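Read the structure below first, then the notes.
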Amino acid sequence: MTDPRRTIPRTDTVLADPRLVDPLRRLGRATVKAAVAAAQQRIREAADPAWWSDPDLVVQLALAHLPRGPVEVLNATGVVVHTNLGRAPLSSAAILAVGQAAGYTDVEFDLASGKRHPRGESALHALRRAVPDAGDVHVVNNNAAALLLCALVLAQGREIVISRGELVEIGDGFRIPDLLESTGARLREVGTTNRTTARDFADAVGDRTGFILRVHPSNYRVTGFTSAPDLAELTDLGVPLVVDIGSGLLTPHPLLPDEPDAASALRAGAALVTASADKLLGGPQAGLLLGDAGLVTRLRRHPSARALRVDKLTLAALEATLLDPRTPVAEAVAAREPDLRARAEEMSRQLVARGVDARAVPSVSVIGGGGAPGVEFPSAAVSLPHRYAEALRLDRTPVVGRVEGGRCLLDLRAVPAHPGDEALVEAVLRCT
Ligand SMILES: *Cc1c(COP(=O)(O)O)cnc(C)c1O
């Protein structure tokens, strides 16, 4: 008997497919051929015989292997701020602002006087207004850049005092201690993994201290016999207190009572707060620096600040986000479980009517990306047979779900109801 895998379409046949004409022109034959080979290999390894002879699948898989621009995906993982999926989706106001800023703009120009003015002044103004407790503000490329600038300006050749419980790895091998030491600052670790006291900090502070750093352990939680001093206990040790809050909440969030925010940290006496703009704030990738006006001026004037600055598109998106905080992230956080359940039930009804083995199930979603570690939100999902997980990822509207208990779950918390639900149903039907 011939091996059914022999029926996998041959390379020349696949390369002649009209859908590969444009990629061949853009990327060259070698790249496309390699993608086809990878697709054939995947199919050869597939357990499902239906895969082996479907000529369409080779092309689809090959297309998925080709380098192309970013593809919009539906985030049905239940993780609201998903770093691998680009963290925060911008609000429509921010998207509009990016489009408007894309041409020539007044980013460093004062139209009233016809003279140069500070870069991104209107975005900075919006940030100052959002956090009146900050003496001044500055925006850099991301939170890592904000920390880098603090270390360069305040602690080069000096010491940063930090708790052993806050020596954090954020993800993808990015470790805050390594970042800080790369500036020539030394870390002075105090306390233990689970417990650090104000006294530990006080004993370590001396002539060589550049600043005390507190880091929000944003992706894990130490529970049990733990303690860490309140920020207010660390403000009169004669050195600046820098607080990396991570998530970018500017003010307290009613649904996330344990999540640190910039205004509260400043009010407690932090000299500087650093945060990401593309986590709970729901804006573009950027690093926010807020705090003492004198320190912010020193950060802004450091030669390295130029290498860390943000572009006009980021400034435009950030300003729009600050002016209208109704972002997709805010909506996903606020979505109520009964509403999500009703959506999952309606979608399952539509799918069952078309012969799909779908059902609405309870689900658990999280903030992710460095926000509210350990906090779980009850959610709802459409549960499908396992094979949909891959098929949906390869669809022309890629949907990224989560595999759990041998089923593919599409969690609706981070899916905008319109047009997300219709798009999801259509994608599932295309994969059926
Ligand atoms: C996410 C995070 C960072 C890194 O922020 P980027 O904006 O990705 O550079 C640093 N510190 C904390 C506490 C974080 O949660």
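Numbering of ligands and ligand atoms starts at 1, following listing order. Worth saying up front: this structure is predicted, and the values here are computed from it rather than measured.
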Legend entry - Residue-ligand contact Gln285/ligand 1, heavy atom below 4.0 Å: no
Inset, instruction - Could you establish whether Ile176 and ligand 1 come within less than 4.0 Å of each other, counting only heavy atoms on the residue side? - result: yes
Inset, instruction - May I ask you to identify, for Ile170, whether its side chain, its backbone, both or neither come under 4.0 Å of ligand 1 on a heavy-atom basis? - result: side chain
Inset, instruction - For ligand 1, indicate whether the residue Glu166 contacts it via side chain, backbone, both or neither (heavy-atom separation under 4.0 Å). - result: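 Neither part.
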Legend entry - Side chains of Ser383 and Arg407, donor plus acceptor under 3.5 Å: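 Note: Ser383 and Arg407 side chains meet the donor-acceptor criterion.
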Inset, instruction - Ignoring angles and geometry beyond distance, decide whether His216 reaches within less than 3.5 Å of ligand 1 through its nitrogen or oxygen atoms. - result: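 His216 vs ligand 1: no N/O contact under 3.5 Å.
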Legend entry - Sub-3.5 Å N/O-N/O distance, Arg87 and ligand 1: yes
Inset, instruction - Measure from atom 6 (P) of ligand 1 to every heavy atom in Ser276, Ala146, Gly246 and give the option owning the shortest one. - result: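 Answer by nearest heavy atom: Ser276.
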Inset, instruction - Sort out for me which residue in Arg413, Glu404, Arg402 forms a side chain to side chain donor-acceptor pair (under 3.5 Å) with Ser363. - result: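 That would be Arg402.
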Legend entry - Pair Arg195 + Asp200, salt bridge at N-O below 4.0 Å: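 No, no charged N to carboxylate O under 4.0 Å.
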Legend entry - Lys115 bridged to Asp110 by N-O distance under 4.0 Å: no
Legend entry - Other residues, nucleotides, ligands: >12 heavy atoms within 6.0 Å of Arg19 CZ: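 Buried by this count: over 12 neighbours within 6.0 Å.
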Inset, instruction - Below 4.0 angstrom from a heavy atom of Asp244, which ligand 1 atoms are there? Numbered from 1 as shown, please. - result: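 Near Asp244, meaning under 4.0 Å from one of its heavy atoms, ligand 1 has 10 (C), 11 (N), 12 (C), 13 (C).
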Inset, instruction - Taking the side chain as every heavy atom from C-beta outward, state whether Thr77 and Asp411 have any pair of such atoms under 4.5 Å apart. - result: no
